[in-house]
Student: 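Okay, handing you the structure first.
Within every chain, numbering begins at 1; the chains are lettered A, B, ... in the order of the sequence lines, protein sequences first and strands thereafter. Everything numeric in this text was worked out from a predicted model, so none of it was measured.
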Amino acid sequence: MQPFKQQTLRISNSLTGKKEVFQPLKEGYVGMYVCGPTVYSNVHLGNCRTFMSFDMIFRYFKHLGYKVRYVRNITDAGHLENDADDGEDKIAKKAKLEQIEPMEVVQRYTVDFHETLQKLNLLPPSIEPTATGHIIEQIEIIKEILDKGFAYQINGSVYFDVVHFNKTHDYGKLSGRKLEDMITNTRALAAQDEKRNPQDFALWKKAEPQHIMRWPSPWGDGFPGWHLECTAMSTKYLGETFDIHGGGMDLKFPHHECEIAQAEASNGNSPVNYWLHANMLTLNGKKMSKSTDNNIYPNEIFSGENNILSKAFQPSVVRFFMLQAHYTSILDLSNDALLASEKGYYRLMDGVRLIGDLPTGAITHFDITSWQQKCYDAMNDDFNTPILISHLFEGVKHINLIKEGREQITVEDKVTLKTIFSAFIFDVLGLEDQQGTDNDSDTLHGVVNLLIHLRNQARANKDYATSDQIRDELMAMGIQLKDGKDGTTFSLN
RNA sequence: GGCAUCGUGGCCGAGUGGCUAGGCACAGCUCUGCAAAAGCUUGUACAGCGGUUCGAAUCCGCUCGAUGCCUCCA
């Protein structure tokens, strides 16, 4: 099945600043690269939002029937803390602090990264390459850039010559900056004597004797510049030009700008057709960041062990909360917002669970085909998950009406409804029904159903003291009874 | 200082020239032994000021405020 032939997908391209119809280089195939994390500490929730946004995009492409090669790297080579010569790389710094090998740091936090993303139900990418595994490829690109005259070598380091590059190319086209402005407005930074211009960036840095992560190169022992690894790995696995490059908004400049420059300088091709940027997650109105203290770790949300939120929230609730905002908008995390999302999430999941037991009738009271297309239209409009979710709630409303016997649905439409719900909620949005998934849920269901039976007997005998006691005490345990036309059901909150 | 983004009803959050998502909260009603759940109904909100237009939350200008990038960051 190739639904993409029926759907016209439009996506926001940061390079042009416009929404454009998505045209892959090769029909039916999508190549997508997303800048992954630097693994020097636990992944924080802001990181997760970005990767979740692209996970949702990955999932939608797959749902549309595309064959997607999704590459997301792991940055495991340490990069400089700052531009000064005494700058330390983050991984080495952490290694020194914890008295372990840099690669132990990398391993530990790579595992944490994978575990956390798995809890949030992110699919693994097709390829997850590491920077240290592609040193040779990076060196080859530096050679090409040097050959083309867009870089210069000095004291065992190699720098990209931005000013020279800008004479024949457009440095700043992605971020909307002009080199002249940058030159005029450069802040005074210490110790940049090696570079011809402050705008130049490192392709290769000479390793000082105390620097642990180092590799041999034609220019001596050193390590690659930060921007280079993405160019090397995206080119290797997706080609010199590929469909989509994604990442957080904060990488737009300079990181992605430099990637464009490196690719154009080395092979002459503009590397990416569609640049996608996911916006920031803020906490208390400020950007979440590892380098400041303004952050919360996913596990602290799942466990409730934090002093920001009033209770613990399931990963799926967090995911749902994030998907209720558009990926290009700034989203602010707060306790109230999370509580509101949690309730909505449960309502949605209750609706999904009800579909199977819905009675069927002679007609369907709503136009399921046009409703389905509305769901697609939402996603086709730059992956508008908030709108999709609003349509899903429309669906839930109909489900509840059918359940109460106020509307009807035909047998065929019921099957369609279930298929659409399942496709969008579980496949595209990647939500999980995390209620009642315990191993003992069969036992639990039996017990609760017994209590429901006893309560209804008490009610029939007008023994309301007993019936209310059963109801209220179950409620206190997080089991909510729901009296409907055809008997009582329950849900676990 | 430069560049960029944003400011939507009690809260969160879509929309982006006329037909004004959705969730949560609140109120009324239906249902109920009472509730809860579910359904129905109600909210004319778009920072401020000026302009363009038959018509603007949506376009333009200014002001104010917030945030991001300009240095490692998703």
Side-chain angles (χ1 to χ4, degrees), chain A residues 17 34-38 40 43-54 75 78-84 87-90 172 175-178 181-182 184-187 189 198-199 226 246-255 277-282 285-292 320-321 324-326 328-345 347-348 350-351 354 374 378 381 384-394 396-397 399-401 403-404 406-407 459 462-464 467-468 471-472 475 480-485 488-491:
Chain A
V34 172
C35 293
T38 304
Y40 67 99
V43 64
H44 73 72
L45 200 66
N47 292 304
C48 293
R49 186 192 179 197
T50 296
F51 299 128
M52 184 186 297
S53 296
F54 289 104
T75 296
H79 297 292
L80 291 184
E81 283 269 286
N82 56 50
D83 246 6
E88 251 184 314
D89 90 53
K90 286 186 286 201
S175 53
R177 288 159 205 251
K178 296 212 173 353
D181 295 344
M182 287 188 250
T184 330
N185 295 307
T186 302
R187 284 194 217 157
L189 290 173
Q199 288 70 35
W226 172 45
M249 196 74 103
D250 52 350
L251 297 185
K252 200 170 177 181
F253 188 88
H255 184 57
H277 287 99
N279 219 322
M280 301 292 101
L281 181 71
T282 59
K286 298 268 186 200
K287 179 190 169 187
M288 269 195 201
S289 169
K290 285 196 262 200
S291 47
T292 66
F320 180 72
F321 162 72
Q324 273 188 302
H326 191 85
T328 56
S329 297
I330 293 172
L331 176 63
D332 191 47
L333 182 86
S334 68
N335 196 52
D336 286 352
L338 231 29
L339 284 170
S341 284
E342 183 177 51
K343 288 211 173 185
Y345 166 77
R347 205 161 92 83
L348 187 62
D350 285 347
L354 283 171
K374 278 187 196 168
D381 184 14
N384 199 324
T385 53
I387 295 289
L388 169 63
I389 289 170
S390 80
H391 294 316
L392 293 175
F393 276 113
E394 279 297 308
V396 169
K397 184 168 137 181
I399 288 168
N400 284 321
L401 284 168
K403 182 193 156 217
E404 296 200 351
R406 299 192 196 191
E407 281 191 3
R459 291 171 74 199
K462 297 196 194 259
D463 177 8
Y464 296 123
S467 67
D468 288 356
R471 179 226 284 160
D472 297 342
M475 189 64 185
Q480 181 179 41
L481 300 188
K482 298 173 179 181
D483 295 326
K485 277 227 153 59
T488 305
T489 56
F490 71 95
S491 68

Student: What's the closest nucleotide to the side chain of Arg459(A) if the choices are rA74(B), rU32(B), rC12(B)?
Tutor: rU32(B)

Student: Both Phe320(A) and Gly176(A) contact RNA chain B. Taking the nearest nucleotide for each, which residue is further toward the 5' end?
Tutor: Gly176(A)

Student: Take atom C1' in rC31(B) and the same atom in rA36(B), then report the distance between them in whole Å.
Tutor: 12 Å

Student: Output yes when Arg347(A) and Asp350(A) qualify as a salt bridge under the 4.0 Å nitrogen-oxygen rule, no when they do not.
Tutor: no

Student: In whole Å, measure the gap between the C1' atoms of rG10(B) and rA4(B) for me.
Tutor: 31 Å

Student: Indicate whether the side chain of Ser329(A) and that of Asn279(A) have a donor and an acceptor atom separated by less than 3.5 Å.
Tutor: no

Student: What integer number of Å spans the C1' atoms of rG39(B) and rU32(B)?
Tutor: 14 Å

Student: Report the distance from atom CG of Leu45(A) to atom OG1 of Thr50(A), rounding to the nearest 0.5 Å.
Tutor: 10.0 Å

Student: To the nearest angstrom, how far is Leu348(A) atom CG from rA37(B) atom P?
Tutor: 17 Å

Student: Rounded to whole Å, please give me the gap between NZ in Lys252(A) and C1' in rA4(B).
Tutor: 7 Å

Student: On a whole-Å scale, what distance lies between the C1' atoms belonging to rC59(B) and rG23(B)?
Tutor: 31 Å

Student: Specify whether Phe393(A) and Phe320(A) have parallel, tilted or perpendicular ring planes, treating 30° as the upper limit for parallel and 60° as the lower limit for perpendicular.
Tutor: perpendicular

Student: By the 4.0 Å heavy-atom rule, please label Gly46(A) as base, sugar-phosphate, or nothing.
Tutor: base

Student: Counting heavy atoms from C-beta on, name the nucleotide in rA74(B), rG22(B), rG23(B) closest to the side chain of Ala340(A).
Tutor: rG23(B)

Student: Extract from the structure each pairing of a protein N or O with an N or O of nucleotides 38-45 of chain B at less than 3.5 Å, listing the distance.
Tutor:
unit_1: rA38(B); atom_1: O3'; unit_2: Asn400(A); atom_2: ND2; d: 3.0
unit_1: rA38(B); atom_1: O2'; unit_2: Glu404(A); atom_2: OE2; d: 3.0
unit_1: rG39(B); atom_1: OP1; unit_2: Arg347(A); atom_2: NH1; d: 3.3
unit_1: rG39(B); atom_1: OP1; unit_2: Asn400(A); atom_2: ND2; d: 3.3
unit_1: rG39(B); atom_1: OP2; unit_2: Arg347(A); atom_2: NH1; d: 3.2
unit_1: rG39(B); atom_1: O2'; unit_2: Arg406(A); atom_2: NH1; d: 2.9
unit_1: rC40(B); atom_1: OP1; unit_2: Lys397(A); atom_2: NZ; d: 2.8

Student: What integer distance in Å separates Leu333(A):CG from rA74(B):P?
Tutor: 18 Å

Student: OG1/Thr328(A) to CE/Met249(A) distance, rounded to the nearest 0.5 angstrom?
Tutor: 7.0 Å

Student: Could you tell me how far rC34(B) sits from rU41(B) if I compare only their C1' atoms? Round to whole Å.
Tutor: 23 Å

Student: What I want to check is whether an N or O donor and acceptor connect the side chain of Arg471(A) with the base of rA36(B) at under 3.5 Å.
Tutor: no

Student: Measuring from the side chain of His44(A) (C-beta onward, heavy atoms only), which nucleotide among rU67(B), rA74(B), rG2(B) has the closest atom?
Tutor: rA74(B)

Student: Tell me the interatomic distance from Asp483(A), atom CG, to rA37(B), atom P, rounded to whole angstroms.
Tutor: 12 Å

Student: Who is the Watson-Crick or G-U wobble partner of rA25(B), with both distances under 3.5 Å?
Tutor: none

Student: OG1 of Thr385(A) to CD of Gln324(A): how many Å apart, nearest 0.5 Å?
Tutor: 9.0 Å

Student: Which nucleotide, if any, forms a Watson-Crick or G-U wobble pair with rA4(B), using both distances under 3.5 Å?
Tutor: rU67(B)

Student: Which part of the nucleic acid does Gly36(A) contact within heavy-atom distance under 4.0 Å: base, sugar-phosphate only, or nothing?
Tutor: sugar-phosphate

Student: When we call it a touch if two heavy atoms are under 4.0 Å apart, what does Leu392(A) touch: a base, just sugar-phosphate, or nothing?
Tutor: nothing

Student: In Å, rounded to the nearest 0.5 Å, how long is the span from CZ of Phe321(A) to CE of Met52(A)?
Tutor: 10.5 Å

Student: Take the protein atom CG of Asp250(A) and the nucleotide atom P of rC69(B), then report the distance between them rounded to whole Å.
Tutor: 6 Å

Student: For rU8(B) and rA47(B), measure between their C1' atoms and round to the nearest Å.
Tutor: 10 Å

Student: Does OP1 or OP2 of rA25(B) have a side-chain N or O of Lys343(A) closer than 4.0 Å?
Tutor: yes

Student: If the P atom of rU58(B) is compared with that of rG1(B), how far apart are they to the nearest Å?
Tutor: 27 Å

Student: One thing to verify: whether Asp483(A) and Arg471(A) come together as a salt bridge, which I'm taking to mean a side-chain N less than 4.0 angstrom from a carboxylate O.
Tutor: no

Student: Rounded to the nearest 0.5 Å, how far apart are CG of Asn47(A) and OG1 of Thr38(A)?
Tutor: 9.0 Å

Student: In the structure shown, which nucleotide is the Watson-Crick or G-U wobble counterpart of rU16(B), with both distances under 3.5 Å?
Tutor: none

Student: rG9(B) pairs with which nucleotide, Watson-Crick or G-U wobble, both distances below 3.5 Å?
Tutor: none

Student: Whole angstrom is fine here: how far is it from CD in Gln199(A) over to P in rC69(B)?
Tutor: 19 Å

Student: Give, for atom NE2 of His277(A) and atom CG of Leu251(A), the distance between the pair rounded to the nearest 0.5 Å.
Tutor: 7.0 Å

Student: Identify, between His255(A) and Ile389(A), the residue whose nearest nucleotide on RNA chain B lies closer to the 5' end.
Tutor: Ile389(A)

Student: Could you check which nucleotide pairs with rU58(B) in any of the strands shown, counting Watson-Crick or G-U wobble with both distances under 3.5 Å?
Tutor: none

Student: Report yes or no: is the ring centroid of Phe51(A) under 5.5 Å from the six-membered base ring centroid of rA74(B), with the two planes under 30 degrees?
Tutor: no

Student: In whole Å, I'd like the distance from the NE2 atom of His391(A) to the P atom of rG23(B).
Tutor: 12 Å

Student: Nearest whole angstrom, please: distance from the P of rA4(B) to the CG of Asn279(A).
Tutor: 16 Å

Student: Using a 6.0 Å cut-off, check whether atom NZ of Lys178(A) has over 12 heavy atoms from anything other than its own residue.
Tutor: no

Student: Where do N or O atoms of nucleotides 13-15 of chain B meet protein N or O atoms at under 3.5 Å, pair by pair?
Tutor:
unit_1: rG13(B); atom_1: OP1; unit_2: Asp332(A); atom_2: N; d: 3.4
unit_1: rG13(B); atom_1: O2'; unit_2: Gln324(A); atom_2: O; d: 3.3
unit_1: rA14(B); atom_1: OP1; unit_2: His326(A); atom_2: N; d: 2.6
unit_1: rA14(B); atom_1: OP1; unit_2: Ser329(A); atom_2: OG; d: 3.0
unit_1: rA14(B); atom_1: O3'; unit_2: Asn384(A); atom_2: ND2; d: 3.4
unit_1: rG15(B); atom_1: OP1; unit_2: Asn384(A); atom_2: ND2; d: 3.2

Student: Please report the closest heavy-atom contact between Ala325(A) and Leu331(A), naming both atoms and the distance.
Tutor: CB-CD1, 3.7 Å

Student: C1' atom, rC3(B) versus rA21(B): distance in rounded Å?
Tutor: 33 Å

Student: Tell me which nucleotide among rC12(B), rU32(B), rA74(B) gets nearest to the side chain of Met280(A).
Tutor: rA74(B)

